[in-house]
Amino acid sequence: MITARKTFLPFALPLISERAVEEVAAVLRSGWVTSGPKVREFEEEFARYTGAEYALALNSATAGLHLALEAIGLCSEDAVFVPAVTFTATAETVCYFGAEPILTDVDPIFNLMTESTLREAIRRECVLSKGNLVHKKTGKTVRAIMPVHLAGAVCEMDALNSIAKEYHLYVIEDSAHAFPAAYKGRRIGTLGDFTVFSFYATKGITTGEGGMVTTRHPHFAERIKLMRLHGINRETFDRPGWYYEVVSPGFKYNMSDIAAAIGVVQLSEAEELWKRRILISEIYRSEFSDLPFLHLPLPANDGDHSWHLFRVEVDRVRGKIDRDILCSELKKRNIGCSLHFIPLYEHPFYQRFGYDKKHYPNTDAMFQRTLSLPLFPGMTDGDIEDVVAAVRDVFSGL
Ligand SMILES: Cc1ncc(COP(=O)(O)O)c(C=O)c1O
């Protein structure tokens, strides 16, 4: 007989403290609810925490990826390297410009873009013309790479940065999962030309919806600042009078002070939230270490993992266990799970780019085997015990 939890445990939930609720109430009472002093405070604190020179708050990471690509002047004659294992936002923003997302495979352990998967994609897809990489199939010029720190494991940034330098490419890190991970002792946020963070509900810190771009380049910071609010050359909060000028067709991507109020508090609690994630991942790794057919995520890749996700891999043993069986058995026990990610080339939209599955063997293997277990700082000790008991129960007797 199956023993199920009384209530369903989702795979992720935000943890918002009473202090954040009070700060939001204070903003609501202040009369200034759109981008203003709280956004500025959040940006300053975030820049201090990450060591970044510039931090620009936005209403999503997707907006950040879009504005980073806009800042480098991406156009329809360009191409960008994106790992096949990511959320659509990474590649869709390349498509906004009519540019070509060229997919790289990922490594078999962390499922990240690596030196070897990037070099392999360069060899397969590109020719060198006047020092620039040109996509053989479309003739488009490669302008950037977008490494994704999947689940919170950081890509080998030294190697990726050096390939980028070799071929004059910008590095736009998709760090939606990676706050507050670190690489070789450096907090994420200063490694590439741009680092893009997400504050979506389930992320390391949240503002409900929100994002941040960090960069060391003053001209890119200026451009993002301009383009996040309609291309208007003065921020509303700073404007002394009624006069302003529209100097570019910008976007409506600014963060509100309501969201920033949550962000400031979440940032001050980030270490605590992160510690809880680390603890849960350690409990899982110890409790599941003896289970057959279950492969556990490694703690880090040259740094500190953010433990945004706990992605396991399941062997396929016909009629006994595989990823889909584990998922449905957990559901029967009232435990939620998720999958990160369906490879981009599997989606109908991306099929127009003609990706050939045989170039992505590690991505394909990942897709057959991966599953994300519940991991969020608000999990009680009882929740953790329930997940451990349910997973162990599914594997018992195998
Ligand atoms: C890898 C990755 N990149 C980008 C995003 C987009 O983040 P946002 O929802 O803040 O736009 C997500 C969202 O989950 C993501 O998982």
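Counting starts at 1 for both ligands and their atoms, in listed order. Nothing fancy with the numbering, it's 1 onward along the sequence.
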Y355 six-ring face occupied by R124 cation (under 6.0 Å, within 45°): no
Numbered atoms of ligand 1 (with element) below 4.0 Å of F341, judged on heavy atoms: 16 (O)
Which residue and heavy atom of the protein sit nearest atom 10 (O) of ligand 1, plus the separation: S198 OG, 2.7 Å
Atoms in ligand 1 flagged as close to G210, the criterion being non-hydrogen separation under 4.0 Å: 10 (O)
Protein contact to atom 11 (O) of ligand 1 [nearest heavy atom, distance to 0.1 Å]: T62 OG1, 2.5 Å
H340 touching ligand 1 at heavy-atom level, < 4.0 angstrom: no
Nearest-contact summary for atom 15 (C) of ligand 1 - protein heavy atom, Å: F87 CB, 3.5 Å
Y200 atom OH: more than 12 heavy-atom contacts under 6.0 Å: no
Part of A61 within contact of ligand 1 (heavy atoms, under 4.0 Å): both
Ligand-residue contact atoms, ligand 1 with T86, heavy atoms, under 4.0 Å: 1 (C)
same_hphob_cluster(I232, M227) at 4.5 Å side-chain heavy-atom cutoff: no
is_close_aromatic(F293, F395), centroid dist under 6.0 Å: no
Reported CE-to-CZ distance for the pair M255 and R40, which is rounded to 0.5 angstrom: 14.5 Å
is_close_aromatic(F197, F46), centroid dist under 6.0 Å: yes
Closest approach of any protein heavy atom to atom 16 (O) of ligand 1, naming residue and atom: H177 NE2, 2.8 Å
Qualifying residue for ring-ring contact (aromatic ring centres under 6.0 Å, His included) with H340, from F11, F87, F310: F11
Numbered atoms and elements of ligand 1 in range of A89, under 4.0 angstrom, heavy atoms: 4 (C), 5 (C), 6 (C)
Side chain Q351, main chain E346, donor-acceptor under 3.5 Å: yes
Interfacing atoms of ligand 1 (cut-off 4.0 Å, heavy-atom, K203): 13 (C), 14 (O)
is_close_aromatic(Y360, F367), centroid dist under 6.0 Å: no
Sub-4.0 Å atoms of ligand 1 with respect to non-hydrogen atoms of A176: 2 (C), 3 (N), 4 (C), 5 (C), 12 (C), 15 (C)
D174 contact mode with ligand 1 (heavy-atom cut-off under 4.0 Å): side chain
